[in-house]
2 protein chains.
Amino acid sequence: MPCQKQFDIDEVLDTAMQAFWARGYETTSMQDLVDCTGVNRGSLYATYGDKRALFLAAIHMYDEKMRRKLLAELEATYGPREAIRQLLLALTAHVSKTGANRGCFLTNTALELAAHDPEVRRIVAHAQEEIEAFFARMIKKGKARGEIASQVKPMETARSLLASLLGLFVLVRSRPDRALLAEIVDDAILRLG
Amino acid sequence: MPCQKQFDIDEVLDTAMQAFWARGYETTSMQDLVDCTGVNRGSLYATYGDKRALFLAAIHMYDEKMRRKLLAELEATYGPREAIRQLLLALTAHVSKTGANRGCFLTNTALELAAHDPEVRRIVAHAQEEIEAFFARMIKKGKARGEIASQVKPMETARSLLASLLGLFVLVRSRPDRALLAEIVDDAILRLG
DNA sequence: CCCGATTTTGAACGAACGTTCCATACAAGG
DNA sequence: CCTTGTATGGAACGTTCGTTCAAAATCGGG
């Protein structure tokens with residue numbers, strides 16, 4: 001057998017993901033990725049394929065290691081009502097420190113590429129549906145526990161909360177104001193009764 | 001005096017705006033703009049300056065002729081509560097026909113450029129603040145008319161509705177499903193009591 | 001220690017990018 | 001009717017884009 005790779009495939013993919021997350025698909029060039037990963041051009045192509053394939057791998061990693069992991073952690077750590085609140089608050093915390101914010105990679109991608117790229121649209125839509133399902137599940141559980149008002153309709157309110165969350169992802173990139181975001185979170189929680 | 005321009009400055013700018021709106025800043029090349037406007041390269045540069053200046057002019061035109069005009073029309077045509085509902089519904093109508101949707105030019109731009117471009121961020125933030133003010137004004141008027149519940153707090157609810165509207169702008173590009181959007185609109189209106 | 005498969009490397013590719021420039025065409029003023 | 005200043009047209013600028021390729025370096029197996 002020949003020599004093995006001189007870099008960790010997942011670690012480099014993570015670095016590439018950070019770059020795409022911060023600057024988007026079009027604005028991030030292969031040269032940028034060569035620079036920030038430290039991996040040679042040819043090696044990037046040999047390992048991940050072309051730019052689009054690398055981007056899809058990056059967004060898949062985000063979906064797995066960020067979105068999916070966060071939902072699982074929240075569900076395991078908090079009660080239903082607080083889990084919902086913490087999801088809405090997730091970005092707010094980071095804003096106060098840095099001022100700027102990358103927001104949600106999936107949502108950034110939704111507006112940049114989803115409208116013209118069916119495969120990207122499918123990935124983004126699936127992630128949104130899982131968040132929607134998370135909200136609905138928490139609402140049902142919260143109603144059973146008496147944390148959430150009995151007249152709240154799980155599906156409808158889940159979709160409403162999803163829209164608010166996506167709105168927060170937009171605001172975090174255009175008006176990174178901690179107080180503004182926190183107020184919207186508080187108002188969203190009021191819908192739970 | 002010399003010869004006059006062979007094209008209408010505002011009309012060509014409108015065409016360029018449509019292109020930027022549909023495909024975003026990075027994906028729309030000067031060649032695309034030459035093709036879709038029918039105006040020569042040199043004339044575009046002579047008239048509007050470079051690509052960035054042309055984009056800023058386009059987004060300014062959108063802010064003036066779309067967002068500002070729509071808000072004014074809604075305020076003049078409908079009662080407060082219905083004006084809010086019609087604003088949230090504005091995009092939904094167009095989705096059913098075409099399937100795809102360009103969403104809101106300002107919101108698309110918010111995610112593509114606002115995070116790294118202070119001037120764009122200022123324009124986008126200002127537009128959002130005016131929408132917020134529109135919601136607050138309608139709520140106050142609606143409370144006075146008895147269309148909206150007296151316990152609804154104008155500022156807080158206005159921000160909450162803004163977040164929902166921005167969320168709808170994201171969904172319209174990633175999950176162009178008329179029923180989904182309509183359901184979210186209905187739930188948002190429920191917040192008005 | 002050498003063989004051989006594979007990665008790494010950096011140069012190079014053609015294409016497309018935003019932008020500039022100059023010869024030409026044109027319309028108004030004297 | 002010529003002069004004059006602006007708009008137009010299209011070629012060309014240098015740069016950067018995504019991608020490819022062949023030579024060199026590398027390390028495990030016999």
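So that the names make sense, note that chain A is the first sequence line, chain B the second, and so on, each numbered from 1.
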Which residues share a salt bridge (charged side-chain N to carboxylate O under 4.0 Å, His left out) with B:Arg23, sequence neighbours left out |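 In terms of salt bridge (charged side-chain N to carboxylate O under 4.0 Å, His left out), with neighbours along the sequence ignored, B:Arg23 is linked to no residue.
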
Name all residues meeting the salt bridge (charged side-chain N to carboxylate O under 4.0 Å, His left out) criterion together with A:Glu147; count only those two or more places apart in sequence or in a different chain, and write none if there are none.
->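 Testing A:Glu147 for salt bridge (charged side-chain N to carboxylate O under 4.0 Å, His left out), a comparison that skips the adjacent residues, returns A:Arg145.
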
Mark yes or no: A:Lys140 above the aromatic ring of A:Phe135, with NZ or CZ under 6.0 Å from the six-membered ring centre and no more than 45 degrees from the axis.
->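 No.
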
Salt-bridge test for A:Lys153 and B:Glu183: reply yes if a basic N is under 4.0 Å from a carboxylate O, no otherwise.
->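 Looking at A:Lys153 and B:Glu183, the cut-off is not met.
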
Got a salt bridge between A:Glu132 and B:Arg175, using NZ or NE/NH1/NH2 to carboxylate O under 4.0 Å?
->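 So A:Glu132 pairs with B:Arg175 through a salt bridge.
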
Compare every heavy atom of A:Leu180 with every heavy atom of A:Leu171, then report the nearest pair and how far apart it is.
->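 Minimum heavy-atom contact is CD2-CD2, 4.3 Å.
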
Extract from the structure each pairing of a protein N or O with an N or O of nucleotides 10-14 of chain C at less than 3.5 Å, listing the distance.
| residue | atom | partner | partner atom | Å |
| --- | --- | --- | --- | --- |
| C:dG10 | N7 | A:Asn40 | OD1 | 3.2 |

Between atom [atom1] in [X] and atom [atom2] in [N], what is the gap in whole Å?
| X | N | atom1 | atom2 | result |
| --- | --- | --- | --- | --- |
| B:Leu44 | D:dT6 | CG | P | 20 Å |
| A:Asp35 | D:dT16 | CG | P | 12 Å |
| B:Phe7 | C:dC26 | CZ | C1' | 15 Å |

Residues of residues 20-31 of chain A with any non-hydrogen atom less than 4.0 angstrom from an atom of DNA chain C: list those, numerically ordered, please.
->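 None - not one residue of the stretch has a heavy atom sitting under 4.0 Å from the strand.
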
Of all of residues 46-54 of chain A, which get a heavy atom below 4.0 angstrom from DNA chain D, listed by number?
->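 Output list: A:Asp50, A:Lys51.
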
Over 12 foreign heavy atoms within 6.0 Å of NE2, A:His116 |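 Buried by this count: over 12 neighbours within 6.0 Å.
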
Return yes if a side-chain donor-acceptor contact under 3.5 Å exists between B:Ser43 and B:Asn40, otherwise no.
->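 The answer is no; no qualifying pair exists.
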
Pairwise distance CZ(A:Phe105) to CZ(A:Phe20) - rounded to 0.5 angstrom =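 The CZ atom of A:Phe105 sits 7.0 Å away from the CZ atom of A:Phe20.
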
At under 4.0 Å, does any side-chain N or O of A:Ser43 touch on OP1 or OP2 of C:dT8?
->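 Yes, because at least one side-chain N or O of A:Ser43 sits under 4.0 Å from OP1 or OP2 of C:dT8.
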
Taking side-chain hydrogen bond (donor to acceptor under 3.5 Å, both in side chains) as the test, write out the residues that go with A:Ser174, two or more places apart.
->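 A:Ser174 satisfies side-chain hydrogen bond (donor to acceptor under 3.5 Å, both in side chains) with B:Gln128 only.
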
